[in-house]
There are 2 protein chains.
Amino acid sequence: MRWQDIDQQPCSLARSLAIIGDNWTLLVLRDCFLGVRRFDDFQQRLGVTRHVLSDRLRKLAEGGVLEKVAYQERPLRHEYRLTTMGRDLYPVIAHLAQWGDKYLADEAGPPLTRVHRQCGEPLEAKLQCGHCGESVEPRDIRLEENPHWAGTLLPTQAG
Amino acid sequence: MRWQDIDQQPCSLARSLAIIGDNWTLLVLRDCFLGVRRFDDFQQRLGVTRHVLSDRLRKLAEGGVLEKVAYQERPLRHEYRLTTMGRDLYPVIAHLAQWGDKYLADEAGPPLTRVHRQCGEPLEAKLQCGHCGESVEPRDIRLEENPHWAGTLLPTQAG
DNA sequence: AACAGTTAGTTCCAATTAGGAACTGATAGT
DNA sequence: ACTATCAGTTCCTAATTGGAACTAACTGTT
């Protein structure tokens, strides 16, 4: 199976990764959340080559994560803005950044701290169940298979 | 800049992605959370080529996300198990899967539902501040720069 | 003893993708 | 006329991927 066909899988994670799972793409989104919107700004901040950046921005726009908005005519130029769909990826980025803070920082400590405005403390990101409001660990989750794919998704002999 | 040098950046997200940001790696971890541990099981479930799988498992083990544990001698064979560091990635996977459920499912609906055992309802994953317990949106976060990299990380003219 | 089966890889080659640098096109400012 | 801005595109080489076959170290079966 080719990576570019991964969106054919009946798996929400695989389909998500078909849009945002390529190299560089999550770093593009990081910069989007920092307010970066223009091609050259992404390129200079990331150091990614221009045609890879061009490809990633196109995929993100086609996938609905970013929208291409004209910010001037003559010459026509566009910038890239997060859509609601894109902003919904914030928890993914926050948890990944926190995971790096925890396990991969050097002596000088994490480069950025995310402060929760409402409580004034550094964010300790947790996974919360929106229904009951409690924090959730992996063991707290039970998987239910959609009957349509019954028996094809979960491993048979493991748990 | 080459993608393989991305772990040199003073950015926790970039360093996280250096370990888990390659194509296929998050799908390997998805299967780890489903209880898959052996090379051939990963290979058959994912459809990834064997040498790419070999490379990804090696990087995950070197990065501390998985540990290679012998499950038999003669011939010596190993399986791959999530470490605590690896289990800490669960929120990332849960949010990515939920994002796919929300935006990328087809007519038959999401293939799997994650049920929160404690409350019995399908998980509505949210980003929670562990300090105050409230749900967090992107706008609730203020970034503070580590003085050690002052002025080099955040964009100058955006927000 | 010979043979197939299991399992975690490695090796080989063609095809795709990435990295680096230069180039294009439309326009504004000097 | 010349330089600068800015979002790309084009070109070439180098690295990575996809696919298939192969290896090594056994176990179990005829």
Side-chain angles (χ1 to χ4, degrees), chain A residues 1-9 14 17-28 31-32 36-62 66-81 155-158, chain B residues 1-9 14 17-18 21-28 31-32 36-62 66-81 155-158:
Chain A
M1 156 148 323
R2 288 178 299 250
W3 174 252
Q4 70 196 60
D5 298 332
I6 203 68
D7 62 337
Q8 309 292 315
Q9 296 287 112
L17 294 173
I19 298 178
I20 61 137
D22 285 315
N23 307 351
W24 297 106
T25 299
L26 278 167
L27 290 179
V28 171
D31 275 6
C32 289
V36 177
R37 290 178 181 170
R38 296 193 184 173
F39 190 93
D40 277 18
D41 292 336
F42 287 114
Q43 202 275 318
Q44 286 169 41
R45 286 178 50 87
L46 297 176
V48 64
T49 59
R50 301 177 76 82
H51 67 303
V52 169
L53 177 60
S54 177
D55 175 78
R56 299 302 187 266
L57 288 170
R58 184 182 50 74
K59 279 187 191 165
L60 286 169
E62 286 174 358
L66 300 180
E67 61 178 338
K68 217 172 155 175
V69 180
Y71 68 89
Q72 69 169 37
E73 317 279 334
R74 287 204 312 284
L76 182 58
R77 295 212 192 288
H78 299 93
E79 61 183 14
Y80 296 88
R81 295 192 195 176
T156 48
Q157 195 71 311
Chain B
M1 155 147 323
R2 287 177 301 245
W3 175 251
Q4 70 197 61
D5 298 333
I6 204 68
D7 62 338
Q8 309 292 315
Q9 295 287 112
L17 293 173
D22 285 314
N23 305 350
W24 298 106
T25 299
L26 278 167
L27 291 179
V28 171
D31 275 6
C32 290
V36 177
R37 291 178 180 171
R38 296 193 183 173
F39 190 92
D40 277 17
D41 292 336
F42 287 115
Q43 201 274 319
Q44 285 168 40
R45 287 177 51 86
L46 297 175
V48 64
T49 60
R50 301 178 76 82
H51 69 302
V52 169
L53 177 60
S54 177
D55 175 78
R56 300 301 187 268
L57 289 170
R58 183 183 50 74
K59 279 187 191 166
L60 286 170
E62 286 175 358
L66 300 181
E67 61 178 339
K68 218 173 156 174
V69 179
Y71 68 89
Q72 69 171 36
E73 318 278 333
R74 287 203 313 283
L76 182 59
R77 297 216 188 288
H78 298 93
E79 61 182 15
Y80 295 89
R81 294 192 195 176
T156 48
Q157 194 70 308

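Convention: sequence-line order gives letters A, B, ...; per-chain numbering from 1. Since this is a predicted model, take the numbers as computed values, not measurements.
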Participant: Just to confirm, is there a sub-4.0 Å distance from OP1 or OP2 of D/dT16 to any side-chain nitrogen or oxygen of B/Q4?
Facilitator: yes
Participant: Which part of the nucleic acid does A/R77 contact within heavy-atom distance under 4.0 Å: base, sugar-phosphate only, or nothing?
Facilitator: base
Participant: Pick the closest DNA chain C nucleotide for A/E73 and for B/P75 by heavy atoms, then say which residue is nearer the 5' end.
Facilitator: B/P75
Participant: Looking at A/W3, I'd like to know whether one of its side-chain N or O atoms comes within less than 4.0 Å of OP1 or OP2 on C/dA15.
Facilitator: no
Participant: Rounding to an integer number of Å, can you tell me how far A/Q72 CD sits from D/dA7 P?
Facilitator: 8 Å
Participant: Distance check: side-chain N/O of A/Y80 vs OP1/OP2 of D/dG8, anything under 4.0 Å?
Facilitator: yes
Participant: In sequence, state the C-alpha distance, the side-chain angles, and the governing distance for B/M1 and A/L46, and then conclude on side-chain contact (heavy atoms from CB on, under 4.5 Å).
Facilitator: CA-CA 8 Å; B/M1 155 147 323; A/L46 297 176; over 6 Å; no
Participant: Given atom CZ of A/R2 and atom C1' of C/dT16, what is their separation to the nearest angstrom?
Facilitator: 10 Å
Participant: Are the charged groups of B/D5 and B/R2 less than 4.0 angstrom apart, N to O?
Facilitator: yes
Participant: Taking atom P of C/dT6 as reference, at what distance in whole Å does atom CD of B/E79 sit?
Facilitator: 19 Å
Participant: Starting at atom CZ of A/R56, determine the distance to atom P of D/dG8, rounded to an integer number of angstrom.
Facilitator: 15 Å
Participant: Ignoring hydrogens, what is the shortest heavy-atom contact between A/E79 and A/Y71? Give both atom names and the distance.
Facilitator: N-CD2, 3.7 Å
Participant: Output the rounded distance in Å from CD (A/Q43) to P (D/dT9).
Facilitator: 14 Å
Participant: Which one, C/dG20, C/dT7, D/dG18, comes nearest to the side chain of B/T49?
Facilitator: D/dG18
Participant: Would the distance check show the side chain of B/Q43 and the main-chain N or O of B/V48 forming a donor-acceptor pair, the cut-off being under 3.5 Å?
Facilitator: yes
Participant: Identify, between B/R38 and A/N23, the residue whose nearest nucleotide on DNA chain C lies closer to the 5' end.
Facilitator: B/R38
Participant: Of the nucleotides D/dA7, D/dT17, C/dG9, which one has an atom closest to the side chain of B/V52?
Facilitator: D/dT17
Participant: Between C/dA8, C/dG19, D/dC26, which nucleotide has the shortest distance from any of its atoms to the side chain of B/R50?
Facilitator: C/dA8
Participant: Select one nucleotide: of C/dG9, D/dG18, D/dC6, the one nearest the side-chain heavy atoms of B/S54.
Facilitator: C/dG9
Participant: With rounding to the nearest 0.5 Å, note down the distance linking CG in A/L17 to CG in A/D22.
Facilitator: 9.5 Å
Participant: Please report, rounded to the nearest Å, how far the C1' atom of D/dT27 is from the CG atom of B/L76.
Facilitator: 16 Å
Participant: Given C/dA8, is OP1 or OP2 found less than 4.0 Å from the side-chain N or O atoms of B/Y71?
Facilitator: yes
Participant: If you check the A/H51 side chain, which of C/dT10, C/dG20, D/dC26 turns out closest?
Facilitator: C/dG20
Participant: I need the CZ-P distance between A/R74 and C/dG29, as an integer number of Å.
Facilitator: 11 Å
Participant: Round to a whole Å and report the spacing from CG of A/D40 to C1' of C/dG25.
Facilitator: 14 Å
